[in-house]
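The structure appears right after this line, and notes come after that.
By convention in this document, chain letters (A, B, ...) are assigned in the order of the sequence lines, proteins followed by strands, and residues within each chain are numbered from 1. Everything numeric in this text was worked out from a predicted model, so none of it was measured.
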Protein chains: 2
Amino acid sequence: MLELAILGLLKEQELHGYELKKRLSEMLGPFSSVSFGSLYPCLARLEAAGAVKAVEAHGDPGPAIPSTGALTGELAAFRARSRAVRGSRGKKVYGITERGEALFEELLLAESQSGDDDRAFNLKLAFARYLPSEARLGLLERRRAHLVERLAKARGAMRARRERLDAYSQSLLDHGTETTERDISWLDGLIELEKQEAPE
Amino acid sequence: MLELAILGLLKEQELHGYELKKRLSEMLGPFSSVSFGSLYPCLARLEAAGAVKAVEAHGDPGPAIPSTGALTGELAAFRARSRAVRGSRGKKVYGITERGEALFEELLLAESQSGDDDRAFNLKLAFARYLPSEARLGLLERRRAHLVERLAKARGAMRARRERLDAYSQSLLDHGTETTERDISWLDGLIELEKQEAPE
DNA sequence: GTCTCGATATATCGGACCGATACATCGAGG
DNA sequence: CCTCGATGTATCGGTCCGATATATCGAGAC
């Protein structure tokens with residue numbers, strides 16, 4: 001799912017990894033932030049897949065690299081190759097390719113059958129402006145259905161086992177249930193808005 | 001953190017993997033449930049570390065295994081070895097050891113500097129009855145401080161960048177903020193209760 | 001009686017993501 | 001000049017996950 005986030009941000013603007021992480025954190029809140037240990041490998045994957053591409057670092061091209069001591073010809077050549085694509089502070093600025101745009105669409109539309117459902121939904125909603133209205137509505141309603149199911153299962157479990165749980169676990173479960181209810185109300189608000197804006 | 005959950009459940013009762021998963025799901029709600037792909041390797045780790053131990057499967061010892069066709073001596077010997085520790089349906093029932101009890105205490109007290117903070121807190125709260133009152137209060141107040149900090153950071157980011165975000169992202173962030181506020185209120189309730197029960 | 005189906009049960013595999021860590025450069029301030 | 005903190009890229013080991021394979025058991029169909 002990180003792919004989706006990166007591609008979505010690069011759609012608007014060319015960025016390097018570090019900046020990408022900052023944008024991501026402010027987009028999804030300081031919770032659920034992304035680590036470099038995921039980000040850089042993911043960028044490498046996307047580059048290998050031809051979905052993003054390191055672009056010429058615009059702005060100041062940086063000083064000549066102060067070659068520290070004697071460099072073998074090999075290393076000097078490598079640095080020369082890097083220089084074309086790295087900015088002043090060794091930045092590698094990435095841009096999205098056409099393949100990347102296509103991949104973005106695909107990921108955004110995909111029924112997230114896999115995994116991390118909360119994270120995936122939040123991410124998709126953050127890029128919902130790229131979806132046609134009916135797909136947006138579908139996303140919201142699928143999410144709502146999911147939460148309603150969750151809630152039903154939680155209530156069932158509570159009815160069956162309440163007496164076996166101590167006060168802390170009960171409070172935890174109650175709070176979780178309440179949070180899910182509020183999530184559903186919030187979704188209802190968004191769905192309402194969505195329908196108003198596309199009535200027919 | 002899965003270790004903590006497993007040890008906590010085995011503290012109360014000897015269980016096998018499948019049952020462990022069910023208990024875990026009902027303890028933490030149907031969200032944030034644990035997969036077998038984590039559970040079994042984790043049980044193996046704990047067994048290797050001497051924190052849990054496969055115990056004699058009580059109840060019916062199961063029928064003689066209907067050895068399907070010809071078995072090599074190797075395989076027959078292996079099955080014989082397993083038989084001692086597996087119940088009727090091939091169940092492997094685990095119990096906690098003294099090392100496991102010690103590990104549980106350690107994990108429960110540990111300042112969860114690492115990782116998955118939400119999950120870790122929920123888990124610890126679910127086992128809070130094993131903590132002395134002041135440690136419980138510490139857990140709650142550390143969590144509260146964490147959320148307050150989160151909230152401050154989120155608000156700061158919002159003030160700075162609100163105009164750059166579309167309506168969907170804004171709604172997402174607002175909802176997240178509100179949820180965090182409610183989490184804090186909930187914690188305040190728990191802290192209040194805790195203080196009433198141990199006033200001096 | 002036997003056949004099939006769903007629940008019970010254990011286990012492994014590849015992959016995503018994380019925290020820790022290492023390393024280098026830059027700018028501000030002492 | 002020098003150190004310190006922010007910027008910046010990258011890798012490593014490990015945890016957890018979903019998918020999948022495999023096998024047994026009990027209930028109900030027929």
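For the residue pair B/S171/A/W186, the side-chain donor-acceptor check at 3.5 Å is satisfied.
Listed by chain and number, the hydrophobic cluster partners of B/L165 are B/M158, B/L173, where partners are ILVMFWY side chains within reach of under 4.5 Å, directly or through others.
C/dC17 atom P lies 15 Å from atom CZ of B/R119, rounded to whole Å. Atom CG in A/L20 sits roughly 13 Å away from atom C1' in D/dT9 (whole-Å rounding). When the P atom of C/dT25 is taken as reference, atom NZ of A/K91 falls 15 Å away, rounded to whole Å. Straight-line distance from the CZ atom of B/R23 to the P atom of C/dT8: 13 Å, rounded to whole Å. For the pair B/L28 CG and D/dC16 C1', the computed distance is 15 Å after rounding to whole Å. The CG atom of B/L2 sits 19 Å away from the P atom of C/dC17 (whole-angstrom rounding). Distance, B/L43 CG to C/dT12 C1': 15 Å, rounded to whole Å. A/Y40 places its OH atom 15 Å from the C1' atom of C/dA20, with the value rounded to the nearest Å.
Shown here are the side-chain contact (heavy atoms from CB on, under 4.5 Å) partners of B/E149, two or more places apart in sequence or in another chain: B/K153. Residues satisfying the side-chain hydrogen bond (donor to acceptor under 3.5 Å, both in side chains) test with B/E26, not counting sequence neighbours, are A/R161, A/R164.
Nearest to the side-chain atoms of B/P41 among the listed nucleotides C/dA11, C/dC17, C/dT12 stands C/dT12. Closest approach to the B/F36 side chain among D/dA10, C/dA11, D/dC17 is made by C/dA11 (side chain taken as heavy atoms from C-beta onward). Here the side chain of B/H16 is nearest to one of C/dA9, C/dC17, D/dA10, namely C/dA9. Of the candidate nucleotides C/dA9, C/dC17, D/dC16, C/dA9 has the atom lying nearest to any side-chain atom of B/Y18.
Heavy-atom distances under 4.0 Å link DNA chain D to B/R45 of residues 44-52 of chain B, given in residue order.
Within 4.0 Å (heavy atoms only), B/G17 reaches sugar-phosphate atoms of the nucleic acid but no base atom. The residue B/S32 sits apart from the nucleic acid: no heavy atom pair falls under 4.0 Å.
Within the 6.0 Å centre-distance limit, the rings of A/Y130 and A/F104 are counted as a close aromatic pair.
The side-chain hydrogen bond (donor to acceptor under 3.5 Å, both in side chains) analysis of residues 30-39 of chain B, with sequence neighbours excluded, yields the pairs B/S35-B/S38. Every pair passing side-chain hydrogen bond (donor to acceptor under 3.5 Å, both in side chains) that includes a residue from residues 99-108 of chain B is listed here, sequence neighbours excluded: B/K11-B/E101.
Under 4.0 angstrom from either OP1 or OP2 of C/dC17 there lies no side-chain N or O belonging to A/S35. Applying the 4.0 Å criterion to OP1 and OP2 of D/dA10, one finds that A/K92 has a side-chain N or O inside that range.
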